[in-house]
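Worksheet for the structure shown next.
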Amino acid sequence: MLLFIRPVKQIWRRARFLHSLANMAKFFLALFCVVALAVFGFANGYEKKGEIGIFELKRGDFSVKFTNWGATIVSLLVPDKHGKLDDVVLGYDSIQEYQNDTAYFGSIVGRVANRIGGAKFTLDGVLYKLIANEGNNTLHGGTRGFSDVVWKVTKYQKDGSSPQIVFSYRSFDGEEGFPGDLLVTATYTLIANNQLKLTMHAKALNKPTPVNLAQHTYWNLGGHNSGDILSNHLQIFGSRITVVDHNLIPTGKLEPVKGTPFDFLKPRMVGSRINKLPKGYDINYALDDGTREHKLKKAAVVHDKKSGRMLELSTNVPGVQLYTGNYIKDVKGKGGFVYQAHAALCLETQGFPDAVNHHNFPSTIVTPKKPYKHIMLFKFSTK
């Protein structure tokens with residue numbers, strides 16, 4: 001009998017051991033799947049919804065808040081000529097409202113900002129069809145552009161001599177129809193008193209692809225809740241515009257602004273000739289000396305005489321889009337304030353819109369050997 005029981009016990013112990021091994025294997029397989037999914041998600045720029053947050057950079061009285069949803073500027077506090085602090089950017093009170101936003105308040109837009117006619121382009125003999133989200137055209141990267149994704153926070157230094165936050169996003173091959181994997185970073189830095197610098201980099205990882213990023217903050221130097229910006233004085237350092245058709249798609253022509261409603265070569269009130277346009281301003285200016293990509297040049301200056309606040313914008317890219325919030329209507333913003341048309345203006349430095357379909361425009365094609373770099377410098381002062 002004992003001779004029989006011993007082999008049975010051995011078989012039972014061996015079965016338990018094998019069962020334990022099987023359970024361990026299942027555990028490690030499940031763990032591997034979780035890690036793999038996490039790695040895949042982070043590699044493509046996604047994070048858990050719970051990891052969307054608000055981040056602040058502060059230097060003295062100058063304070064800027066961001067969210068990693070769209071690498072968005074949420075607020076910017078800067079003093080007026082009497083030292084009174086106001087938030088000078090349009091926005092919302094909650095992250096959820098930014099997620100439902102259709103006006104691109106404060107976000108970085110891409111992979112290609114502005115419009116692409118017909119939602120298509122040809123590159124190296126290949127026709128790429130994109131997601132059309134404005135009639136037959138693509139606007140600001142498509143239905144789910146860079147403004148509608150979670151960016152990863154790779155560095156965050158909230159104070160000190162150079163407070164800084166770095167956002168990154170990995171765009172996958174075929175996202176919204178665009179070719180190739182693309183690694184994008186956006187670095188916001190407070191470099192001096194009342195100065196904010198944004199540097200955007202993009203690296204094509206395997207294929208040539210168009211890249212044209214823009215920062216889409218709506219500025220009202222009187223304060224986000226102060227009314228319209230029609231009395232603001234504006235100067236733009238661009239003597240030509242890229243002419244557009246009735247769908248705001250460039251025709252490929254550049255025309256001088258002198259003597260037209262688009263003439264801001266000298267400081268002029270935004271509303272002085274806006275009634276000569278159907279809705280307001282929504283046009284790209286070719287910056288003077290704009291072909292020198294590595295040179296930081298002045299793009300625009302805005303002055304709100306009532307508050308005394310001034311914004312001087314410099315960049316290294318060839319164009320700047322002036323948009324006067326023409327389609328804002330009954331938008332409930334911060335503190336319940338309701339924004340209307342012309343509640344703010346956007347100054348979106350960029351490559352020329354629809355450049356992929358106009359070979360006479362400066363190229364927006366990025367390759368693994370030719371990365372993308374876009375600098376914006378915002379200087380605030382009072383007068």
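Position 1 is the first residue of the sequence; numbering continues from there. Since the structure is predicted, the reported quantities are computational estimates derived from the model, not experimental observations.
Atom CZ of F172 sits about 9.5 Å away from atom CG of D181, to the nearest 0.5 Å. Atom CG in D354 sits 8.5 Å away from atom CG in N114 (nearest 0.5 Å). Taking CD1 of I73 as the start and CD of Q215 as the end, the distance is 4.0 Å to the nearest 0.5 Å. Taking OG1 of T251 as the reference point, atom CG of D245 lies at 7.5 Å (rounded to 0.5 Å). We find the CG-CD1 distance between L322 and I236 to be 4.5 Å, quoted to the nearest 0.5 Å. Note: H342 NE2 to Y323 OH = 9.0 Å, rounded to the nearest 0.5 Å.
A donor-acceptor contact closer than 3.5 angstrom links the side chains of H224 and Y339.
For an aromatic pair to be called close, the ring centres must be under 6.0 Å apart, and Y128 with F178 fails this. Aromatic pair F378/W219: ring centres closer than 6.0 Å.
With a 4.5 Å cut-off on side-chain heavy atoms, I375 and L296 count as touching. No side-chain heavy atom of N357 sits less than 4.5 Å from a side-chain heavy atom of I249. For the pair K306 and S231, the minimum side-chain heavy-atom distance is 4.5 Å or more. By the 4.5 Å heavy-atom criterion applied to side chains, L277 and N326 are not counted as neighbours. At a threshold of 4.5 Å between non-hydrogen side-chain atoms, the residues L77 and D87 count as touching. Side chains of L311 and K379 form no contact here, defined as non-hydrogen atoms less than 4.5 Å apart. Contact of the T324 side chain with the V270 side chain is registered, since non-hydrogen atoms from C-beta on lie closer than 4.5 Å. A 4.5 Å side-chain heavy-atom check between L139 and N137 finds every atom pair outside the cut-off.
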Going through the checks in order, is the side-chain contact (heavy atoms from CB on, under 4.5 Å) test met by V211 and V184?
CA-CA 10 Å; V211 177; V184 185; over 6 Å; no
Between K158 and E56, does the side-chain contact (heavy atoms from CB on, under 4.5 Å) criterion hold? Intermediate values first, please.
CA-CA 6 Å; K158 62 186 301 182; E56 182 180 22; 5.6 Å; no
Between T72 and F66, is the side-chain contact (heavy atoms from CB on, under 4.5 Å) condition met? List the steps.
CA-CA 5 Å; T72 297; F66 310 86; over 6 Å; no
Take R144 and E175 through the salt bridge (charged side-chain N to carboxylate O under 4.0 Å, His left out) test and state the conclusion after the steps.
CA-CA 9 Å; R144 187 175 177 276; E175 186 173 19; 3.5 Å; yes
Output, in order, the C-alpha distance, side-chain angles, deciding distance and verdict of side chain to side chain donor-acceptor pair (under 3.5 Å) for S94 and Q96.
CA-CA 5 Å; S94 71; Q96 185 178 2; 5.3 Å; no
Check the pair D228 / Q340 against side-chain contact (heavy atoms from CB on, under 4.5 Å), numbers first and verdict last.
CA-CA 8 Å; D228 65 55; Q340 303 291 355; over 6 Å; no
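Ring-plane geometry between Y169 and W151 is classed as tilted, the angle between the planes lying from 30 to 60 degrees on a 0 to 90 degree scale. Taking the six-membered ring for Trp and thresholds of 30 and 60 degrees, H233 and H303 have ring planes inclined between 30 and 60 degrees apart. A perpendicular orientation is assigned to the rings of Y156 and F55, their planes being inclined by more than 60° (bins at 30° and 60°).
Sequence neighbours left out, the pairs with a member in residues 101-110 that pass side chain to side chain donor-acceptor pair (under 3.5 Å) are Y92-D101.
Residues satisfying the salt bridge (charged side-chain N to carboxylate O under 4.0 Å, His left out) criterion with R115, sequence neighbours excluded, are E134, D282.
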Hey, can you pull the donor-acceptor pairs under 3.5 Å for the side chains in residues 189-203, sequence neighbours left out?
| unit_1 | atom_1 | unit_2 | atom_2 | d |
| --- | --- | --- | --- | --- |
| T189 | OG1 | Q164 | NE2 | 2.9 |

